[in-house]
S.K.: 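Got a structure here, written out as structure tokens. Questions coming.
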Amino acid sequence: MKKHEFYLENLDCPNCANKIQNKLIELNKYNSVIVNFNTLKLIIETDELDITEEVVEIVGEIKPEVVVRDYKDKNHCNHNDENDHCSCHDEDDDENDHNHHIEEHTKDESKNKKNSYKKSISKTKLDLYRLLIGIAIMVVGIYAGLPKKISSLCLIIAYIILLFRTGKNAIKLLKSGTIDENLLVTLSCIGAAFIGKQLEGFMVIILYEIGKILEAKAVNNSRKSIANLMDIKPEYANLKQASHEHRVSPEEVNIGDIIVIKQGEKIPLDGKVISGNAMLNVSSLTGESKLKEVGRDDEVLSGSINENGLIDVKVTKKYEDSTVSKILELVENATDKKAKTETFVNKASRIYTPIVLILALTTFLLLPFILKISFEESFYRGLIFLVVSCPCAIVISVPLSYFSGIGIASKHGILIKGSSYLDSLKDIKEIVFDKTGTLTKGEFEVQKIEAYEGYSEDEILEYTALGEVNSNHPIAVSILKKYNNYIDKDRISDFDEVPGKGICYKTDGKTVKIGTVDYAGDEKTNDQETVVYVKIDEKLAGKIILSDTIKEETIDTIKSLKKSGIITKMFTGDNGDIALKIGKEVGVDEVKAEMLPTDKYNELERIIKNYKEKSDGKEKVAFVGDGINDSPVLALADIGISMGGVGSSSAIEASDVVIMTDDLRKIKEAIKISKYTNKIIKENLLFALIVKSTVLILSVFGLVQMWLAVFADVGVTVLAICNTLRILHHRR
Ligand code: ADP
Ligand code: MG
């Protein structure tokens with residue numbers, strides 16, 4: 001299957017983004033279709049190799065002014081450019097044959113890129129000029145004292161010039177069966193002219209156009225801030241070839257190539273240091289500004305910054321598999337999974353416009369009888385209804401809020417994979433924690449080794465290490481660290497790892513089992529520490545007693561989660577006594593021990609079902625684990641949160657929220673960001689609702705002039721977008 005990525009330049013309304021997405025889905029040809037309004041990205045997965053023309057045609061039908069580009073080329077007109085010429089501005093005046101949409105894909109690519117680049121500049125400028133010329137002609141028409149006929153002609157021309165874009169859009173959309181603000185504004189302008197209030201009509205369209213320009217600026221600015229927030233993308237790599245090095249783009253570097261990272265530079269690809277030493281700043285990945293020293297043989301992650309030193313790195317992953325592009329992809333695509341509130345708003349805005357149209361009509365028809373005013377006056381008041389009815393503020397600010405929330409979270413080392421997860425974090429009522437590596441450090445210290453049946457302690461350690469060499473369980477890592485000798489993997493055969501129990505393998509004709517007391521012990525004991533039993537040929541041969549330490553922040557975090565009304569539980573595969581001991585120490589409400597992965601799954605399923613029935617899906621259950629053998633539960637939970645994501649692709653893939661460090665406090669922080677984002681969204685909704693209904697009520701009684709209504713409408717939108725920006729500057 002191939003993944004096609006397009007950049008939808010000039011796409012400026014979330015509704016149209018939805019429409020494009022739905023239309024493409026309705027074709028029933030592609031495996032998946034996603035349109036992301038925040039990043040203007042369209043992603044289609046399909047077996048077909050070239051779908052560009054098809055996509056261009058469909059997008060063109062819905063939003064002719066959108067230019068479909070190859071996503072890789074988007075930077076020609078993205079935030080890198082100072083003067084925003086290809087802002088998400090509404091509408092363009094191109095005569096619309098679809099040719100210009102495919103300009104990117106014709107033969108002479110670079111030349112065409114330049115052309116369309118220039119075209120974008122002139123388009124926005126053209127809009128501004130059109131506005132100014134329109135205003136100039138209007139002023140002449142009204143104030144120059146020309147003969148009546150000529151001044152009327154001036155006014156008509158001015159009207160046509162000013163209304164050109166909005167009117168054209170209204171007609172286009174009407175043809176495809178949609179009523180939107182373009183139509184409302186056009187109708188009210190023409191309506192005002194008919195009842196002799198030309199000046200009011202002009203005010204409406206002029207303010208509307210200015211508003212659109214401001215709105216585009218505001219949206220663009222916030223996109224830019226978000227992009228800056230995510231500024232971890234490396235621009236180049238210093239590729240070392242023979243004796244000299246040159247700058248190439250990170251995408252061009254292959255596995256095994258040697259790259260040089262100098263002081264102040266970003267590491268472009270994941271790899272291993274082969275020479276030199278450096279102090280790395282990984283804060284852009286983890287949100288924590290701790291410097292990490294690296295030297296020969298240390299792994300380095302792309303996205304870290306070399307603060308001091310010079311290192312040569314052998315590349316171990318292609319750019320697209322490297323940490324930095326994994327993170328970028330995740331965050332950029334996060335808002336594609338639409339949150340409930342968002343779809344609710346989108347749905348609401350779809351029925352909103354028709355309702356306002358009906359209200360306007362009712363006002364027009366009924367007011368003369370109720371308030372004893374002329375039909376002309378009631379027509380005017382009805383027109384104001386039309387003007388105020390644009391749901392723009394909401395439709396634009398809601399997705400932007402989610403996107404900002406996700407952006408700021410990632411800045412703090414918390415990756416949230418979708419707006420719906422950001423939204424539900426605030427509704428968490430119960431959190432179930434895995435023990436090892438989540439509440440505890442997962443770095444076991446070997447306390448004691450016991451050996452029976454003629455085996456020595458060293459032999460027991462060796463047999464255990466042999467088994468653990470193929471495991472990535474925290475216990476395995478700790479035992480191998482203790483053993484610290486070369487292991488010949490050819491000595492191991494019939495290897496099998498049973499999640500939550502242990503390992504079984506054969507060596508030198510012997511069958512070795514290591515793991516829990518059930519699995520590799522002989523009788524139940526009340527161990528006060530984590531114990532790994534070793535059975536050789538079905539006889540207990542020894543055991544290794546391990547101790548793990550509780551993370552520093554665990555106790556405080558659990559306390560504060562409980563204080564905010566969240567029930568905390570611990571599930572573990574470890575034995576009952578040690579589990580109870582640790583559970584008591586960290587202060588969780590409930591402990592369940594000796595659970596196999598399937599037990600964890602079934603128990604969590606039961607809990608989730610309970611909440612679902614109790615609260616109608618409002619209250620959420622989260623599971624926090626390290627992603628090592630708990631991916632099924634992570635996937636099952638309403639919100640699966642994995643810890644220690646940096647460098648661990650399994651943790652990143654398995655969960656809905658990835659915490660890049662091991663720090664449990666980030667869970668509180670994620671919940672906080674969710675609450676704050678939600679607060680801003682509510683503020684915006686409420687603000688828009690209050691202003692609009694006030695204007696509407698006042699207009700019924702003739703207390704509002706039409707231009708004031710437009711001013712209110714545009715003002716609400718711009719203020720709502722600015723309010724959204726507060727999310728980005730929210731301090732912890
Ligand atoms: P937790 O629920 O605490 O994350 P697991 O489900 O991963 O624990 O494992 C439960 C128990 O199974 C461990 O405490 C250990 O005794 C045993 N076990 C699991 N995997 C291994 C392994 N690779 N080596 C030794 N013991 C293991
Ligand atoms: Mg575990």
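Keep in mind it's a predicted model, so treat the numbers as computed, not measured. Starting from 1, each residue takes its place in the sequence as its number. Whatever order the structure lists them in is the order used to number ligands and atoms, beginning at 1.
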S.K.: Mark yes when over 12 heavy atoms from residues, nucleotides or ligands other than Lys314 sit less than 6.0 Å from its NZ; otherwise mark no.
M.R.: no
S.K.: Taking the six-membered ring of Tyr519 (Phe, Tyr or Trp), confirm whether the NZ or CZ of Lys513 is under 6.0 Å from its centre and within 45° of its axis.
M.R.: yes
S.K.: Taking the six-membered ring for Trp, are Phe571 and Phe623 parallel (under 30°), tilted (30 to 60°) or perpendicular (over 60°)?
M.R.: tilted
S.K.: Take a 6.0 Å sphere around NZ of Lys426 and say whether it holds more than 12 heavy atoms from other residues, nucleotides or ligands.
M.R.: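 Counting neighbours around NZ of Lys426, more than 12 heavy atoms of other residues, nucleotides or ligands fall under 6.0 Å, so yes.
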S.K.: Looking only at distances, can you tell me whether any N or O atom of Gly500, backbone or side chain, sits closer than 3.5 Å to an N or O atom of ligand 1?
M.R.: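 In this structure, Gly500 places an N or O atom under 3.5 Å from an N or O of ligand 1.
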S.K.: Specify side chain, backbone, both or neither for Ile475, according to which of its non-hydrogen atoms lie closer than 4.0 Å to ligand 1.
M.R.: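 Near ligand 1, Ile475 shows its side chain, while the N, CA, C and O stay back.
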S.K.: Please classify the Met595 to ligand 1 contact at 4.0 Å (heavy-atom distances, strictly less than): side chain, backbone, both or neither.
M.R.: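 Within the 4.0 Å criterion, Met595 makes no contact with ligand 1.
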S.K.: In terms of atom number and element, which parts of ligand 1 are under 4.0 angstrom from non-hydrogen atoms of Asp574?
M.R.: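 In order of number, 10 (C), 14 (O).
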S.K.: Any nitrogen or oxygen of Lys435, side chain or backbone, less than 3.5 Å from one on ligand 1?
M.R.: no
S.K.: If you count the atoms of ligand 1 from 1 in the order shown, which ones are under 4.0 Å from a heavy atom of Gly515?
M.R.: 26 (N)
S.K.: For Lys600, counting its heavy atoms only, list the atoms of ligand 1 lying under 4.0 Å from any of them.
M.R.: 1 (P), 2 (O), 4 (O), 6 (O)
S.K.: Side chains of Asp458 and Ser456: is there a donor and an acceptor less than 3.5 Å apart?
M.R.: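 Note: Asp458 and Ser456 side chains miss the donor-acceptor criterion.
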S.K.: Would the number of heavy atoms belonging to other residues, nucleotides or ligands and lying under 6.0 Å from CG of Asp616 be above 12?
M.R.: no
S.K.: Should Thr572 be counted as touching ligand 1, given the test is an N or O pair under 3.5 Å?
M.R.: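 Yes; the residue has a nitrogen or oxygen that sits under 3.5 Å from a nitrogen or oxygen of the ligand.
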S.K.: Nearest to atom 7 (O) of ligand 1 by heavy atom, Glu497, Met570, His473, Glu468: which?
M.R.: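 It is His473 that holds the nearest heavy atom.
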S.K.: Is it the side chain (CB and beyond), the backbone, both or neither of Ser471 that lies under 4.0 Å from ligand 1, heavy atoms counted?
M.R.: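 The side chain, only.
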S.K.: Record the part of Thr438 in heavy-atom contact with ligand 1 below 4.0 Å; permitted values are side chain, backbone, both and neither.
M.R.: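 Answer for Thr438: neither.
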S.K.: Just wondering, are more than 12 heavy atoms of other shown residues or ligands nearer than 6.0 Å to NZ in Lys562?
M.R.: yes
S.K.: Validate the cation-pi geometry between Lys614 and Tyr611: distance from NZ or CZ to the six-membered ring centre under 6.0 Å, angle to the ring axis within 45°.
M.R.: yes
S.K.: Please report whether ligand 1 has a polar contact with Gly573, defined as an N or O pair separated by less than 3.5 Å (distance criterion only).
M.R.: yes
